[in-house]
Amino acid sequence: MSPENGKILPENDAADLNFEATELTLGLPGKSRVTSDGGAKLGNKRGFFETVDLNFGDKDCGQSQIDVQEAANSPVSKVQVEGWPPVRGFRKNAMTSCKYVKVAVDGAPYLRKVDLEMYDSYQQLLSSLEQMFSCFTIRNYLNEKKIIDHMNGIEYVPTYEDKDGDWMLVGDVPWQMFVESCKRLRLKKSSEAIGLAPRTPPKCASTTERSLN
Amino acid sequence: MFWGNRKTLKMNYFPDEVLEHVFDFISSHKDRNSVSLVCKSWYKIERYSRQRVFIGNCYSISPERLIARFPGLKSLTLKGMPHFADFNLVPHDWGGFVYPWIKALAKSRIGLEELRLKRMVVSDESLELLSKSFLNFKSLVLVSCEGFTTDGLAAIAANCRFLRELDLQENEVDDHRGHWLSSFPESCTSLVSLNFACLKGEINLGAIERLVARSPNLKSLRLNRAVPFDTLQKLLMQAPQLVDLGTGNFVHDPSSEAYNKLKSAIQRCKSIRSLSGFLEVAPHCMSAIYPICANLTFLNLSYAPGLHGNDLTKLIQHCRKLQRLWILDCIGDKGLGVVASTCKELQELRVFPSDLIGAGNAAVTEEGLVHISAGCPKLNSLLYFCQQMTNAALITVAKNCPNFIRFRLCILDPQKPDPVTNQALDEGFGAIVQSCKGLKRLSLSGLLTDQVFLYIGMYAEQLEMLSIAFAGDSDKGMLYVLNGCKKLRKLEIRDCPFGNEALLEDVGKYETMRSLWMSSCEVTLGGCKTLAEKMPSLSVEIINEIEQMEFSLDDMQKVEKMYLYRTLVGHRKDAPEFVWIL
């Protein structure tokens, strides 16, 4: 493979490319927008590789191959093509009615996912999260070289990222509003928790042992 | 005399009843159609003895002619809207109404016992008429239909005294939350199959419990989302003979008594071979079904996004006898590797996309498919939604699995090339058609040039249905297919640069096919008009959703959507305003 087909683009090409790539058109994602006369293809969803002469299978790859590759790698705006992907309407409706968000916990090795549609209130959500992550709390204790000598569990403050990208405290807005705007959850370790009693006592036996010491 | 010269021995010597008895052994529609073409006498005998009729396009024939030809009809299958209607490409009121069929059948002496409909508009009125017109009606199967409510179902339940099967698959039903289940009379004990998984509303839990309790022959039961865990447990206690189960809500606290009760109830159901549902599910509940996994041949988890990769693989490791698996792409490539090493009997795999809004979540790639092909040599049917595909992978798959009958690949990003070589996927698909000599159905995606169609025309000799989107460079592509695939019946094309030249080169070809769909291509109004003129046996429909005023009658105008099909009964009379039949 010639270096031209490598995945790393020369810097100046990338800079030019990104401008065009993020330009909104009605073209399909991945489709080359580079035309010979420099004009962008607007509103023509049938404009395929008309102006870029592509020679697939041609080992002597020239500019055309790079165009394809650039188009394929560029961060294009995701235009929703009607009827694509070809999934039955019934299935689409059934799937999108689920509201799955990632849940991260400070100190936990991996994330979980919860379906917010499954709960009716903050109470239900929070108790479900407690159940899901109680095991991580145990592991944190066991793995820590330092023994925590106060009697608390680690206190977590539930926060979420909303549609605007801001991190908010869970519980301020009505439940439904929260479900609609929540993109992901994070249980943050509350630094103010040191010295304070935990909101809810840790449920696991091993942590109880430690607190009794 | 009849044992004389073999060359003059005529089968017609045998009395009709003998021939009829022989024909009884011929059940396939294709074969029976062939039988009827041999001679007048065979045509006559065949038509009086025919009980099952399949009509792939409800507009190709009229109910009157059907009734006239097959007076002994007992089972009718009808399909309405074209396939791309599934993806919102056909407006809702396009057509495919079942009412005229039921009305005509009701007026006649036909003793209809079974009706199977796909992509048709079914009104409550039709269901009610159906339920009252046929004393022996036994089986109603509705797939991807719309237009009815639970009131229509109530009529079926109330009036069909010998109902054995009510099977609703993925229909859009207006749920009035009435007590349609309670409409089954106490005397109804004949149910063998009941599937209402697609209903969205609440149901009367007491009614379903009593119904199942009085249905000793019930083999297949698929519940909807509204049926909770506890009820499922009670139902299973009543029906340990079930062969096919679709759960509703499958969420419960694993330490509770209800959960343990369900576990023991399921263990009694030793005949379950097919499992689906899990419309609401929490991962920790799946261990309840491990006891029955060993005998499962069909598992459908494609509506269960709550199950992550690990949960899925843990479950599948118990399912060694699986022949058909429908799953979401959250199983991931590694998960498919587990499937490959566990499910050696696998014949059909469907991997659906879990992320439909393009948020870029994990999907599967060519890796998963290669694992499957290596581990499951019996694989013959595939539907695979994936992030990307390579030629190398397709070539490997073609080598490992030469038995594909159905091969449908959908790369989520249309026109995506091979990410390793940046080339089109022509060679990969070419390998598939060359290797899989029995391929009947093919769906393409990814970056594709005319070359792939050359391969398809050359090698896909058994191909009956082809779906193409965003592919090809010129008319040559479409021509390769039309000229090469002799057994082609359905061709559906969207967003391809195929125009009048391809459309008009061999107009006679369309008489050998059921239908052709072309949308967002290069065919013009003039081209369609020419075709319609030359071929009066075809119905050429232009579906035009923009305002009549804006749509010019200029022959050079490109046609947005064209659907043509062969028909014995001329243009349909029920076309809506936006459909123009040339």
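Numbers restart at 1 for each chain; the letters A, B, ... are given by sequence-line order, proteins then strands. Heavy-atom basis, side chains included; hydrogens, waters and symmetry copies ignored. Computed from a prediction, not measured in an experiment: that's the story for all the values here.
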Answer whether the closest heavy-atom distance between the side chains of B/F352 and A/P85 falls below 4.5 Å. no

If you define the side chain from C-beta out and look only at heavy atoms, does anything of A/W84 sit under 4.5 Å from B/C410? yes

What one should report as the nearest heavy-atom pair of B/F470 and A/V81 is CZ-CG1, 3.5 Å

One should read off an interatomic distance between A/K92 NZ and B/F87 CZ, to the nearest 0.5 angstrom, of 9.0 Å

Value rounded to 0.5 Å, distance of CZ in A/R91 from SG in B/C198: 12.5 Å

Is chain A contacted by the side chain of B/F385, its backbone, both, or neither, given a heavy-atom distance below 4.5 Å? side chain

Should we count NZ of A/K188 as having more than 12 external heavy atoms under 6.0 Å? yes

Measure the CG-OH distance between B/N310 and A/Y110 for me, rounded to the nearest 0.5 Å. 7.5 Å

Can you tell which part of B/E280 gets under 4.5 Å to a heavy atom of chain A, answering side chain, backbone, both or neither? side chain

Does any backbone or side-chain atom of B/S443 lie under 4.5 Å from a heavy atom of chain A? Answer side chain, backbone, both or neither. neither

Highest number of heavy-atom pairs under 4.5 Å with chain A: which of B/L412, B/L328, B/L89? B/L412

Under the 3.5 angstrom rule, does the side chain of A/R88 hit a backbone N or O of B/S144 as a donor-acceptor pair? no

Could you give the distance from CG (A/N93) to CD (B/E170), rounded to the nearest 0.5 Å? 11.0 Å

Counting only heavy atoms not in A/R184, do more than 12 fall under 6.0 Å of its CZ? no

So which heavy atom on B/E172 is nearest to which on A/F90, and how close? OE2-CA, 3.8 Å

Quick one: of B/A85, B/P353, B/S302, who has the most non-hydrogen atom pairs under 4.5 Å with chain A? B/S302

